2 protein chains.
Amino acid sequence: MSDLFPQKGHDHDRCVHSALAQAEKVCDVENARFTDMRRKVFTLIWQSHKAVTAYELLDALTADGLRVQPPTVYRALEFLTELGLVHRVESLNAYFGCDRPDCEHLGQYFICTDCGRVAEAVNEDMSNAVRKAARSVGFTIQATTVEIKGLCHDCATH
Amino acid sequence: MSDLFPQKGHDHDRCVHSALAQAEKVCDVENARFTDMRRKVFTLIWQSHKAVTAYELLDALTADGLRVQPPTVYRALEFLTELGLVHRVESLNAYFGCDRPDCEHLGQYFICTDCGRVAEAVNEDMSNAVRKAARSVGFTIQATTVEIKGLCHDCATH
DNA sequence: CAGAAAATGATATATTATAACATTTCATCA
DNA sequence: TGATGAAATGTTATAATATATCATTTTCTG
């Protein structure tokens, strides 16, 4: 069984640093500005592997002493999602950090209903099945949402 | 290419009547009450093959002369979705009628961004790919959301 | 450095959804 | 058949999510 969700005791600082480094690279390539506010929101999202809501981010920023209003958070989220640095979980109205922002992929998210973590799969079988199904009914794909809720291996076995 | 979205000039009354008949049957089997309000909401949803929001339904009921409040609509929607008579499109916060409420299926929805219609696929390849992907990472599925946005054949070719 | 463009601030409000308690309707069985 | 309890709906209030609009600040570019 391959890993998808990080190990319990993993070095999360590494996740954060790697994510920041990748984000900087993507912004550089796209000639987009990784401003303070965007970096703050991005870093907050990466505080865990869970999906967080816009208002949780707002509260966290407020707790940090900033006077931030909803549009500020939503703008940062729009920027980050458009660059593929974070993804939105439609069924949760929440956001989590992408760990492969540099490669194009159909998003397929596993969401643990116990621990709340979200992990992204890049699975060709699934992508192909979606594409094949679309082709067979003459449908032209613009975007796909694949969200799978259940128990991650840790939560199922402990 | 198999049909998925109904033909332009199809006999929609037939869809509605069939849906109502199936809904009655499901309610009967489940020993659930298909009350006036639930029937009204269900029928409104079936006025088209598009997904409609709770507040659009509320407005339609109001236009019909009823004094209805949001909880009434949400309760009807909860009832209908729990019985599998209607499905919720997470990425649209909207609902559409299921045309196969009697058989268990993983929902896979094709959503046309041009005409707004939603069609449900029951595709074993996709279901299997999802299950296989889950198994390979030790994930226990509780629910899946597969929403594919794009252009239906009609809209892509006309 | 001026001017334009991008980002953020600030205010207001739209949209989606649910909590809590009151009332009505309906099935059932004594 | 009518008392009664469960289910459904009514009613009021409010929570949670999201965006429109215009003002101000920051940053880029010439």
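Chain identifiers are assigned alphabetically (A, B, ...) following the order of the sequence lines, protein sequences preceding nucleic acid strands; residue numbering begins at 1 within each chain. Quick caveat, the model's predicted, so the values are computed rather than measured. Heavy atoms only: backbone and side chains are in, while hydrogens, waters and symmetry mates are out.
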Colleague: For B:Phe79 and D:dT9, give me the distance from atom CZ to atom P, rounded to whole Å.
Modeller: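 It is 8 Å, rounded to the nearest whole Å.
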Colleague: Respond yes when some side-chain nitrogen or oxygen of B:Thr72 is under 4.0 Å from OP1 or OP2 of D:dG10, and no when none is.
Modeller: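 Result: yes.
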Colleague: Are there over 12 heavy-atom neighbours, none belonging to B:Asp64, within less than 6.0 Å of that residue's CG?
Modeller: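 Yes, because the 6.0 Å sphere around CG of B:Asp64 holds more than 12 heavy atoms from other groups.
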Colleague: On the nucleotide D:dA18, are OP1 or OP2 found under 4.0 Å from the side-chain N or O atoms that A:Asn93 carries?
Modeller: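 Yes, A:Asn93 has a side-chain N/O under 4.0 Å of OP1/OP2 on D:dA18.
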Colleague: Using OP1 and OP2 only, check whether a side-chain N or O of A:Thr35 sits under 4.0 Å from C:dA6.
Modeller: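 No, outside the criterion.
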Colleague: Is there a side-chain contact between B:Arg38 and the phosphate of D:dT9, meaning an N or O under 4.0 Å from OP1 or OP2?
Modeller: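 Affirmative; the distance criterion is met.
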Colleague: Judged by each residue's nearest nucleotide on DNA chain D, which is more toward the 5′ side, B:Met37 or A:Ala94?
Modeller: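 Closer to the 5' end of DNA chain D: B:Met37.
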Colleague: Once you round it to whole Å, what is the distance between P of D:dT17 and OH of B:Tyr74?
Modeller: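 Checked: the OH to P distance equals 13 Å.
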Colleague: Is it the case that the side chains of B:His10 and B:His49 hold a donor-acceptor pair, with the cut-off being a distance below 3.5 Å and no angle test?
Modeller: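 Checked: B:His49/B:His10 side chains pair up, N/O donor to acceptor below 3.5 Å.
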Colleague: Find the distance B:Arg67:CZ to D:dT11:P and express it as a whole number of Å.
Modeller: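 It is 9 Å, rounded to the nearest whole Å.
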Colleague: B:Phe34 CZ to D:dA8 C1': how many Å, rounded?
Modeller: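 Taking CZ of B:Phe34 and C1' of D:dA8, I get 15 Å after rounding.
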Colleague: Could you give the CZ-to-P distance, from A:Arg75 to C:dT11, as a whole number of Å?
Modeller: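 Rounded to the whole Å, the gap is 13 Å.
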Colleague: Does some side-chain heavy atom of B:Glu56 sit less than 4.5 Å from a side-chain heavy atom of B:Leu44?
Modeller: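 Of all side-chain heavy-atom pairs linking B:Glu56 with B:Leu44, none is under 4.5 Å.
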Colleague: Under 3.5 Å, is there an N or O donor on one side and an acceptor on the other linking the side chain of A:Tyr55 and the base of D:dA18?
Modeller: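 Such a pair is found, so the answer is yes.
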Colleague: Assess the side chains of B:Thr144 and B:Gln108: does a donor N or O sit below 3.5 Å from an acceptor N or O?
Modeller: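 No - no donor-acceptor pair under 3.5 Å links their side chains.
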Colleague: D:dA8 P sits how many Å from B:Asn31 CG, rounded?
Modeller: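 Those two atoms, CG and P, are 10 Å apart.
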Colleague: Which nucleotide in the set D:dT17, D:dA8, D:dT11 lies at the smallest distance from any side-chain heavy atom of B:Gln69?
Modeller: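 Nearest listed nucleotide: D:dT11.
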Colleague: Using a cut-off of less than 4.0 Å, is there contact between a side-chain N or O of A:Arg88 and OP1 or OP2 of D:dA18?
Modeller: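 It does, given that an N or O in the side chain of A:Arg88 lies less than 4.0 Å from OP1 or OP2 of D:dA18.
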Colleague: Does some side-chain heavy atom of A:Val26 sit less than 4.5 Å from a side-chain heavy atom of A:Phe34?
Modeller: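 No. Closest side-chain heavy atoms not under 4.5 Å.
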